[in-house]
Every structure is written in structure tokens, then in C-alpha cells.
*Asks:* 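Once you've had a glance at the structure underneath, I'll fire off some questions.
All figures in this text were calculated on a predicted structure; none of them were measured in a lab.
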Amino acid sequence: MMYLKQKESDTLVSLAKYKFLCSSQFTRLGLYKNKGDVTNLLKPMTEQKKPLIGVIKFPTDPTIGKLEYIYYLTKFGEKVLLEDLDYPQEKIKKVKSKPISTKDYFHRRATIDLHIGLNQWLQNNNGEIKFLNYYFDKVGTIKNKDNKSVIEINRFYLENGKSFIPDISTKFRVNNENYIFLFEQHNGKDSKRLIDQLHIHLLAISQDVVSKKFKFNKSNRVAIVCEEKSVKDAVIQRLQKTDVFNTFHNFFIFKTNDELKEDFFNNWTLINGEQVSFIQKSNSNLSNNEVI
């Protein structure tokens, strides 16, 4: 039995829940007062003989400078959670492979920020996440190059056999109602790539792909968060002129990362430009059967 201070066990639970966290995310979760505290206070857990927490360090980025370390739960940390804290195994986001490329660093971090924002809003409103899967969540193991049995948990298949992986798929419950959302975190300025992605989401909604997979009686919604406001505006304008989206305006909501930091719940934008809340009651029937 390992003796842990409350803050240490809270840290392990947070890593089990979010999978990867950097210093600023720990402070956002209220676990530590400032980023400097995180490095110092996590040191004993990362440097002991059997470390409970692993650290991923990045080379300094020439344009951005020093990147924050990313922390994750080790096998020993997982063992302590299961045996000493009676934490349910199915709620632990296991880390299968540690490396995170610098290219994926900001996207992955922003995706985890979405999870934190959703979770904090739900906690403040007596709601709960039933499940949440990231694009980098996998099950299975790679035995060798030719014998892969790794499956991306977030992969969805369309009727034409093609598939797509949203950044997050989640089911949550609030105000006695269940919802399923897919999230896309869009970094950079490639609005065409995002429009192509949203055409795939539109097909998935019209084929009830997500609802069927999760045996859910309503269509999912798609929340898109853009790093650049110019991309958000350009994509919305383009979709307003795209006929196939006409009857699907209520299924897509948009924000920028900055808008999300200000307020998770309010001021999302529909395709028609209307400002709505995150789970507004839409006029359209969400059990949609229209075919595109």
C-alpha cells in the first residue's frame, strides 16, 4: 500500500481521465496554483524508483520557443490507482505509445482542452460524461510491423466502406437528457480541409452512422473549434452557400479556441450565423431521416 497525499492521488486520477496533461492544464484543473509548482511537485512522482508518472519532453521549437512537458500515467501509477485507490479500470485512459510529435503537440493539447472544458461545464451543471474517446485512443497491441492488431477506438465507417476519425466522440448526460457529440479541433488556415471533413460528417449524420454504432435514438451533433477566426468565418460562409447543408444547420456548431476559453456553453455559431448555446433545443427534428 502506497501512502499518497490528496493532491498526488488527484493528480493520478486526472491523468487517468485526460490521458495526457501539461502544466497549464494542471493549473486549469485547479490542482496546482501555477505552472512552476507542477514541475516541482510532480518530481517525486516522476523520479522515484518506480515512477507513477511519465514525462514527455520536447525540443525547443524555433518559432514558439520552449514547449511545456506532457505528463502521463505509467503502469505503476495505474497499479496504484487500481489497488490503492480502487479506481475503476475501465475509466483509465491507458497510454499505449508515448511519443507525441511536435507537429501533433498543439492539436493534441487543444483536443484535451475541449475535454477539460466539457467536463468542467458538466460538473458545474450536475451532468456527467458517459464516455469520451480521442482520435489517439487505441486498443490492441502492435506485435511486429506485419502483425498489427491496433484499432482506433474513434473510427467510424460510412456505408461506402470509407471511414473517418473525429478528434473526440462523446456521450454525456445533463438535465436528464443524453447527448452524443463529435468534436473537431481545427488548427491552421486550411479551410478547404475542414470543409471536406464536414462533408463526411454530413454523410455520417444522414446515414445515422454514429447513432447506430452507439444504439442511440437521436442524431449526433458536431462541434467544430477553430484556432483561426478567419477559418471559422470562411467555412461558415461557404457552408451557407452549399445546398446539401441547408436542412442540417442545427447539427453543426462553431467556435474559436479563444471563444471557448471565455465561455464553453454560450455563443456557439450555427451555419446560418445564429448564436446558440452548446445544447440548444433545435427546431429541426434531430432523428433525421433525410438522405443526401
Side-chain angles (χ1 to χ4, degrees), residues 2 4-33 35 37-39 41-42 45-46 51-56 68-98 100 104-105 107-139 152-154 165-174 178-183 185 214 223 225 260-261 264-265 278:
M2 179 174 278
L4 290 174
K5 294 175 188 160
Q6 186 61 48
K7 191 158 280 193
E8 291 172 331
S9 52
D10 289 347
T11 297
L12 294 183
V13 167
S14 295
L15 288 171
K17 188 185 289 178
Y18 295 110
K19 197 165 190 169
F20 297 107
L21 289 169
C22 61
S23 305
S24 52
Q25 288 169 329
F26 274 119
T27 58
R28 187 178 165 194
L29 289 166
L31 280 168
Y32 298 93
K33 283 205 175 78
K35 289 196 291 188
D37 283 351
V38 179
T39 319
L41 294 167
L42 292 190
M45 299 169 85
T46 60
L52 304 180
I53 294 173
V55 193
I56 307 168
E68 288 181 46
Y69 296 169
I70 286 187
Y71 298 92
Y72 63 93
L73 204 59
T74 64
K75 285 194 176 73
F76 301 116
E78 204 179 300
K79 196 163 177 274
V80 168
L81 268 180
L82 295 172
E83 293 174 8
D84 299 350
L85 299 176
D86 289 330
Y87 195 79
Q89 185 149 26
E90 68 278 5
K91 288 194 169 181
I92 295 177
K93 281 196 170 294
K94 290 174 183 292
V95 176
K96 292 277 176 195
S97 55
K98 293 184 281 294
I100 297 171
D104 191 41
Y105 174 90
H107 185 264
R108 193 174 291 209
R109 207 174 118 170
T111 302
I112 292 165
D113 279 336
L114 294 178
H115 185 180
I116 293 171
L118 173 65
N119 207 28
Q120 288 182 330
W121 168 67
L122 286 169
Q123 283 172 344
N124 292 335
N125 291 277
N126 302 314
E128 62 168 332
I129 289 176
K130 295 290 189 184
F131 66 76
L132 184 142
N133 300 317
Y134 297 128
Y135 67 95
F136 47 84
D137 283 341
K138 296 175 174 68
V139 287
E152 291 104 343
I153 296 173
N154 242 15
I165 304 174
D167 290 330
I168 286 176
S169 65
T170 182
K171 181 181 181 182
F172 59 88
R173 186 169 179 80
V174 65
N178 289 313
Y179 298 87
I180 286 185
F181 269 73
L182 302 185
F183 282 85
Q185 169 63 47
F214 296 126
V225 181
L260 195 76
K261 275 179 199 153
F264 182 88
F265 185 70
F278 180 59

*Asks:* Which one of Asn133, Leu118, Asn119 satisfies the side chain to side chain contact (heavy atoms under 4.5 Å, CB included) criterion with Thr170?
*Replies:*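 Single pass found, and it is Leu118.
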*Asks:* Do you know the tightest heavy-atom contact between Lys35 and Thr27?
*Replies:*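 That closest heavy-atom pairing would be N-CG2, 3.6 Å.
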*Asks:* In terms of heavy-atom contacts, does NZ of Lys171 have more than 12 from other residues, nucleotides or ligands at under 6.0 Å?
*Replies:*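 It does: Lys171 NZ has more than 12 such atoms within range.
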*Asks:* Aromatic ring centroids of Phe278 and Phe172 under 6.0 Å?
*Replies:*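 Yes: the rings meet the under 6.0 Å criterion.
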*Asks:* Just do the side chain to side chain contact (heavy atoms under 4.5 Å, CB included) check on Leu12 and Ile53 with the steps written out, would you?
*Replies:* CA-CA 8 Å; Leu12 294 183; Ile53 294 173; 3.9 Å; yes
*Asks:* To the nearest 0.5 angstrom, please state how far the CG atom of Leu73 sits from the CG atom of Leu81.
*Replies:*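 Output value for this atom pair is 5.5 Å.
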*Asks:* For Ile56 and Tyr72, which heavy atoms make the closest approach, and how far apart are they?
*Replies:*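 Heavy-atom minimum between the residues: CG1-CE2, 3.7 Å.
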*Asks:* Shortest non-hydrogen contact from Ser169 to Asn154?
*Replies:*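 For Ser169 and Asn154, the tightest heavy-atom pair comes out as OG-OD1, 2.5 Å.
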*Asks:* Do Tyr32 and Ser23 have a side chain donor and acceptor closer than 3.5 Å?
*Replies:*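 Side-chain D/A pair, Tyr32 to Ser23: absent.
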*Asks:* Can you tell me how the ring of Tyr179 sits relative to the ring of Phe181, calling it parallel under 30°, perpendicular over 60° and tilted otherwise?
*Replies:*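 Tilted.
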*Asks:* Checking side chain to side chain donor-acceptor pair (under 3.5 Å) against Tyr134, which of Lys19, Arg108, His115 comes through?
*Replies:*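 Answer after filtering Lys19, Arg108, His115: His115.
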*Asks:* Can you see which heavy atom on Trp121 is nearest to which on Val174, and at what distance?
*Replies:*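 Between these two residues, the closest heavy atoms are CH2-CG1, 4.0 Å.
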*Asks:* Please report the interatomic distance CG(Asp137) to CD(Glu152), rounded to the nearest 0.5 Å.
*Replies:*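 Nearest 0.5 Å value for the CG-CD distance: 10.5 Å.
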*Asks:* Tell me the closest heavy-atom pair linking Tyr18 and Lys93, and the distance in Å.
*Replies:*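 Closest heavy-atom pair between Tyr18 and Lys93: C-CD, 4.4 Å.
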*Asks:* Does atom OH of Tyr69 have more than 12 heavy-atom neighbours from other groups under 6.0 Å away?
*Replies:*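 For Tyr69, atom OH is not crowded (no more than 12 foreign heavy atoms under 6.0 Å).
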*Asks:* Is the count of non-hydrogen atoms from other residues, nucleotides or ligands lying under 6.0 Å from Lys7 atom NZ greater than 12?
*Replies:*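 It does: Lys7 NZ has more than 12 such atoms within range.
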*Asks:* Identify which one of Thr111, Asp104, Asp167 satisfies the side chain to side chain donor-acceptor pair (under 3.5 Å) criterion when paired with Tyr135.
*Replies:*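 Passing option: Asp104.
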*Asks:* Using 0.5 Å steps for rounding, measure from the NZ atom of Lys5 to the CG atom of Asp10.
*Replies:*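 If I round to the nearest 0.5 Å, the distance is 13.0 Å.
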*Asks:* What are the two closest heavy atoms between Tyr87 and Leu82, and how far apart are they?
*Replies:*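 Tyr87 and Leu82 have their closest heavy atoms at O-CD2, 3.3 Å.
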*Asks:* Answer yes or no: is there an ion pair linking Asp113 with Arg28, defined by an N-O contact shorter than 4.0 Å?
*Replies:*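 Answer for the salt bridge query: yes.
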